[in-house]
Amino acid sequence: MGEQPIFTTRAHVFQIDPTTKKNWVPASKQAVTVSYFYDSTRNSYRIISVDGSKVGVIINSTITPNMTFTKTSQKFGQWADSRANTVFGLGFASEQQLAKFAEKFQEVKEAAKLARDKSQEKMETSSNNSQESGRETPSSTQASSINGTDDEKISHGGPETAALMSENDKLKTTVEQSNTNAKKLETELQTLRDSNARLVDELTESSANVEIWKKQLSTCKEESDTLREKIAELESQCEKANVEKERNSKLTVRVQELETELQDKEQELENLRKQAEIIPQLMAECESITEKLQAAEVKNKDLEDRIEGLQADIEDSQSKQGIVKGELKKFMDVLDGKIDELHEFRQGLSKLGVDN
């Protein structure tokens, strides 16, 4: 089946700074997928993470039994990889995700240990088989020599001799194969011994690295605690500074309002000063206007008296006019009668002229 994912989660990936060996360097700008992979052909486990934005592998760590996953905070954990010569750190969104990842790390670590033990057992079994094959080879050769391949036996043995010859050929073939297998096993054994020696060296190196990482971890924890205290102090100072900024902004607004009000008051005071300068002139004008008003009142009184006299005259003239109108109407009536009489008289004269 090849290599298949067995567990997947998302986290922010960090690597230890290779120069200082203390500070964390972000390996991804955002949370990325982190997966456990199992290779059935090699019987090995790996942690792999690929950053899609960079299109590159940011974690490729083969899990060995001597690795340890350490929780350094409620949402952060790390492990050291001696082959990659670095320390990987993962920041999770919740404590549950960190607990699941740590639990899976322990399971995979145990599985890797079992796989290593099984491989060692196979190595020991192969070594024993190769030794036994080496011991059996002389006896087979001896059997071959006992059976022999002399021409005399071939020519005088009959059917039994032919059967022995065929069995001897089979034994020779088996011996050759066993020798070839023994050489292969010796080669594999030597390879396994070299690999075992290399693993022992790596184990020793990783143990030394673990001690170094433990010391660095304690140093990082102390620095982290110090930084947390400083951050708390800075946050409190920032809160105080924000309060002071708000107060200063409010005071600045209030000062601007007071300056505006002061300018308005100064303008009003200037206007009042200008008005105060023209008050004497206004008083003099007021006195002259008062005198004129008194004279006008006197004139108004005279005019009122004259108006009353004129109204009386108008009433008299209206009464007289009414009398004149009555007399004029009587005169008009009389005149109309005279005109009618004159008209009748003219008609009579015209009749008389016609008769004549």
Considering all heavy atoms of both residues, which atom of [X] and which atom of [Y] are nearest to each other, and what is their separation?
{"X": "I63", "Y": "A112", "value": "O-CB, 3.9 Å"}
{"X": "T20", "Y": "N23", "value": "OG1-N, 3.5 Å"}
{"X": "F88", "Y": "I58", "value": "CE2-O, 3.6 Å"}
{"X": "V50", "Y": "V32", "value": "O-CB, 4.3 Å"}
{"X": "S61", "Y": "M67", "value": "OG-CE, 3.8 Å"}
{"X": "R228", "Y": "S73", "value": "NH2-CB, 4.0 Å"}

How long is the span from the [atom1] atom in [X] to the [atom2] atom in [Y], to the nearest 0.5 Å?
{"X": "Y36", "Y": "I48", "atom1": "OH", "atom2": "CD1", "result": "12.5 Å"}
{"X": "K265", "Y": "L258", "atom1": "NZ", "atom2": "CG", "result": "11.5 Å"}
{"X": "Q237", "Y": "K230", "atom1": "CD", "atom2": "NZ", "result": "12.0 Å"}
{"X": "E268", "Y": "D264", "atom1": "CD", "atom2": "CG", "result": "6.5 Å"}
{"X": "E259", "Y": "E266", "atom1": "CD", "atom2": "CD", "result": "10.5 Å"}
{"X": "D302", "Y": "K299", "atom1": "CG", "atom2": "NZ", "result": "9.5 Å"}

Does the side chain of [X] reach to within under 4.5 Å of the side chain of [Y], using non-hydrogen atoms?
{"X": "E304", "Y": "N300", "answer": "yes"}
{"X": "V243", "Y": "E239", "answer": "no"}
{"X": "W79", "Y": "I47", "answer": "yes"}
{"X": "V13", "Y": "L90", "answer": "yes"}
{"X": "Q256", "Y": "T252", "answer": "yes"}
{"X": "Q267", "Y": "Q263", "answer": "no"}
{"X": "S94", "Y": "F92", "answer": "no"}

Item to complete: Would you check, one step at a time, whether the test salt bridge (Lys or Arg N to Asp or Glu O under 4.0 Å) holds for R254 with E257?
Response: CA-CA 5 Å; R254 182 58 182 166; E257 292 177 354; 3.3 Å; yes

Worksheet item: Looking at residues at least two apart in the chain, or sitting in another chain, which of them share a ring pair (Phe, Tyr, Trp, His ring centres under 6.0 Å) with F69?
Response: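 Expected list: F101, F105.
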
Worksheet entry | Test ring pair (Phe, Tyr, Trp, His ring centres under 6.0 Å) applied to F76 - qualifying residues, sequence neighbours left out |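 F76: ring pair (Phe, Tyr, Trp, His ring centres under 6.0 Å) contacts with F14, W24.
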
Discussion item. Once salt bridge (charged side-chain N to carboxylate O under 4.0 Å, His left out) is applied, what residue pairs with a partner in residues 92-114 remain, sequence neighbours excluded?
Written reply: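 Applying salt bridge (charged side-chain N to carboxylate O under 4.0 Å, His left out) to every pair that reaches into residues 92-114, excluding sequence neighbours, yields K104-E107.
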
Worksheet item: Listed by chain and number, what are the side chain to side chain contact (heavy atoms under 4.5 Å, CB included) partners of I307, not counting sequence neighbours?
Response: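 Checked I307 against side chain to side chain contact (heavy atoms under 4.5 Å, CB included); matches are Q311.
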
Practice prompt. Please answer whether the main-chain N or O of R10 pairs with a side-chain N or O of T33 as donor and acceptor at a distance below 3.5 Å.
Written response: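 A pair under 3.5 Å: no.
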
Fill in: Donor-acceptor contact below 3.5 Å, side chain Q97 vs main chain A11
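No.
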
Discussion item. Side-chain heavy atoms nearer than 4.5 Å, only ILVMFWY residues, links allowed to pass through others: does that put L114 and I6 together?
Written reply: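 L114 and I6: separate clusters.
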
Worksheet item: Does atom NZ of K22 have more than 12 heavy-atom neighbours, drawn from other residues, nucleotides or ligands, at distances under 6.0 Å?
Response: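 Counting other residues, nucleotides and ligands, NZ of K22 stays at 12 neighbours or fewer.
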
Worksheet item: Knowing that exactly one of D39, N60, T62 qualifies, which makes a side-chain hydrogen bond (donor to acceptor under 3.5 Å, both in side chains) with R46?
Response: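 Single side-chain hydrogen bond (donor to acceptor under 3.5 Å, both in side chains) partner of R46 among D39, N60, T62: N60.
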
Worksheet item: What residues form a side-chain hydrogen bond (donor to acceptor under 3.5 Å, both in side chains) with R42, not counting sequence neighbours?
Response: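 Residues passing side-chain hydrogen bond (donor to acceptor under 3.5 Å, both in side chains) with R42: none at all.
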
Fill in: Listed partners of R247 passing salt bridge (Lys or Arg N to Asp or Glu O under 4.0 Å), at least two apart
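Residues passing salt bridge (Lys or Arg N to Asp or Glu O under 4.0 Å) with R247: E244.
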
Fill in: Chi angles and distances behind the side-chain contact (heavy atoms from CB on, under 4.5 Å) call for L293, E297
CA-CA 6 Å; L293 182 60; E297 288 178 352; 4.0 Å; yes

